[in-house]
Q: 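This is the structure I have questions about; it appears just below.
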2 protein chains.
Amino acid sequence: MDEQIAQDSTPIFQRIKDYLLGEIASGRWKEGDLVPSEQALVRQFGVSRMTVNRAVRELTAEQVLTRRQGSGTYVAPQKYQATLVEIRNIADEVRARGHVHASHPRLLEQSPAGETLARQFELEPGTPLFHSLIVHDENGRPIQVEDRWVNPACAPAYLDQDFARITPNEHLMEAAPLQGATYSIEALPAPREVAEMLGIGTGTSCLVLKRRTTSGGRVASVVTMWHPGHLYKFTGSVG
Amino acid sequence: MDEQIAQDSTPIFQRIKDYLLGEIASGRWKEGDLVPSEQALVRQFGVSRMTVNRAVRELTAEQVLTRRQGSGTYVAPQKYQATLVEIRNIADEVRARGHVHASHPRLLEQSPAGETLARQFELEPGTPLFHSLIVHDENGRPIQVEDRWVNPACAPAYLDQDFARITPNEHLMEAAPLQGATYSIEALPAPREVAEMLGIGTGTSCLVLKRRTTSGGRVASVVTMWHPGHLYKFTGSVG
DNA sequence: TAGTGGTCTAGACCACAGC
DNA sequence: CTGTGGTCTAGACCACTAT
């Protein structure tokens with residue numbers, strides 16, 4: 001009655017996960033189908049309930065299964081086209097490609113918040129903010145314009161940093177532990193100032209990433225990153 | 001010596017997770033720091049080791065901690081700027097906004113693979129492929145051009161579908177369980193044909209998502225999705 | 001009421017790292 | 001050698017669902 005429990009070192013809970021995943025991948029169990037109960041799997045594999053529970057619980061956390069107390073365990077709805085894109089910071093990314101990253105600070109100032117910025121930071125208009133404008137190079141070629149505004153309450157020493165040596169990112173990581181972020185990715189024509197810094201024509205398509213991060217209950221940073229569309233793309237894989 | 005274990009219904013393992021997360025979020029424990037051992041947490045909380053183990057194991061799976069057998073548990077390196085972007089399919093996304101989604105198939109054909117496509121599909125040039133070109137509307141306004149090539153071996157009935165009624169995505173979900181995907185996001189000027197279908201000017205900045213999906217060890221689908229840059233953005237949040 | 005999942009215990013044996 | 005994490009057991013009590 002037991003499944004063949006080989007002598008290999010694969011943990012039992014992992015073998016149960018593999019079994020369940022196999023039934024789903026093969027199509028034998030489809031979306032919404034009832035999966036054997038923990039008791040049934042305990043009998044099938046001849047193991048304790050905690051072991052079965054771990055396998056099923058992890059697959060539930062991985063969104064492969066859904067569970068309803070008192071009812072049962074079911075195959076979760078598939079999300080065929082859902083894509084998870086991971087965007088890392090530009091310095092790490094360039095170095096990961098084996099290329100040379102360089103930062104060129106173009107502006108570092110304190111400036112009062114306008115209406116739009118004040119709303120984004122949830123502060124009163126006129127509140128002083130820190131502002132940096134940095135061009136990032138990959139092998140000597142401009143690849144990103146980073147236009148960042150920072151809440152002085154979160155990173156009081158921001159303006160004292162040498163941003164040719166460390167990135168704003170690295171400083172903020174130390175000063176203000178990240179709590180959460182909202183972001184958007186869009187395609188916009190380069191305005192004149194950005195185009196000049198990137199060495200491209202005004203109006204060239206740019207990949208624009210905007211991020212707003214919070215730390216300790218406050219909005220810490222609002223940043224817009226411009227990348228030349230023909231030189232830069234976000235890439236990755238899942239599965 | 002116990003932590004205050006309140007009468008609330010929060011599971012113990014969750015309270016331990018919250019405690020560990022709090023120490024990290026507050027900055028008291030920093031990247032690379034040694035975290036108390038399971039034994040220490042067992043004594044601190046007065047619970048069994050399995051309960052502590054679950055808390056720490058789950059935080060490890062969530063990339064908050066790293067563990068080394070025989071050594072200890074450490075605070076994982078923070079990824080301040082790492083952003084996880086989830087991209088859903090266009091139909092779900094439009095409906096989630098409470099808007100009306102409509103599909104307009106513009107082309108549905110079988111066509112031999114050229115060199116580029118053959119390489120992407122890992123097939124011989126000249127192998128027949130299915131090809132669809134669909135315009136997706138949000139509230140009657142074109143928002144995406146979906147240019148998709150499909151491996152007939154993975155979805156033999158692809159050309160028989162009514163893509164005004166169901167999306168290619170929905171059909172492929174049934175026909176070819178997803179195994180993995182690679183993708184890229186870039187900003188490109190709209191070519192004339194795409195611009196006409198989107199009702200925008202040729203050369204307008206577009207947000208372009210390319211995906212290549214595999215199923216059952218084969219490349220199932222290669223798709224390029226064009227979105228008008230001023231109308232469409234990927235958005236989301238983390239934390 | 002019987003079956004399901006959600007959680008927890010108090011042990012156990014093992015592999016591995018560091019001293 | 002001791003201490004660490006990795007896994008597993010054989011029970012237990014509870015809340016919830018379906019009948």
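All values reported here derive from a predicted model rather than from experimental measurement. Letters A, B, ... are given to chains in the order of the sequence lines, protein chains preceding strands, and every chain is numbered from 1.
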Q: Taking only N and O in the side chain of B:Thr73, is any of them less than 4.0 Å away from OP1 or OP2 of D:dG5?
A: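 Looking at the OP1 and OP2 atoms of D:dG5, one of them is under 4.0 Å from a side-chain N or O of B:Thr73.
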Q: Give a yes/no on whether any side-chain N or O of A:Ser71 is located under 4.0 angstrom from OP1 or OP2 of D:dT17.
A: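 Answer no for this pair, as no side-chain N or O of A:Ser71 is under 4.0 Å from OP1 or OP2.
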Q: Can a side chain N or O of A:Arg68 be found less than 4.0 Å away from OP1 or OP2 on D:dC16?
A: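 No, no such contact exists.
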Q: B:Asp137 and side-chain hydrogen bond (donor to acceptor under 3.5 Å, both in side chains): which partner among B:His99, B:His104, B:His101?
A: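 The option that passes is B:His104.
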Q: Would you kindly compare A:Phe13 and A:Gly70 by the position of their nearest DNA chain D nucleotide and give the one closer to the 5′ end?
A: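 Nearest-nucleotide comparison on DNA chain D picks A:Phe13.
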Q: If you compare every side-chain N and O of B:Arg54 against the phosphate oxygens of C:dT7 (OP1, OP2), does one of them come in below 4.0 Å?
A: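 Yes, within the criterion.
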Q: OP1 or OP2 of C:dG6 sitting under 4.0 Å from any side-chain N/O of A:Arg57?
A: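 Answer no for this pair, as no side-chain N or O of A:Arg57 is under 4.0 Å from OP1 or OP2.
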Q: Carefully, step by step, assess A:Arg218 and A:Glu122 under the rule salt bridge (charged side-chain N to carboxylate O under 4.0 Å, His left out).
A: CA-CA 8 Å; A:Arg218 283 187 293 243; A:Glu122 296 165 9; over 6 Å; no
Q: Within the pair B:Ser37 and D:dG3, is there a side-chain N or O less than 4.0 Å away from OP1 or OP2?
A: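 Looking at the OP1 and OP2 atoms of D:dG3, neither is under 4.0 Å from any side-chain N or O of B:Ser37.
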Q: Between B:Met50 and B:Ala40, which has a closest nucleotide on DNA chain D that is more 5'?
A: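 Taking each residue's closest nucleotide, the earlier one in sequence belongs to B:Ala40.
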Q: Spell out yes or no: do the side chain of A:Arg49 and the base of C:dG6 have one donor N/O and one acceptor N/O closer than 3.5 Å?
A: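 Yes, the side chain and the base share a sub-3.5 Å donor-acceptor pair.
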Q: Using 30° and 60° as the class limits, which term best fits the ring planes of B:Tyr232 and B:His227: parallel, tilted or perpendicular?
A: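 Ring orientation, 0 to 90° scale: parallel.
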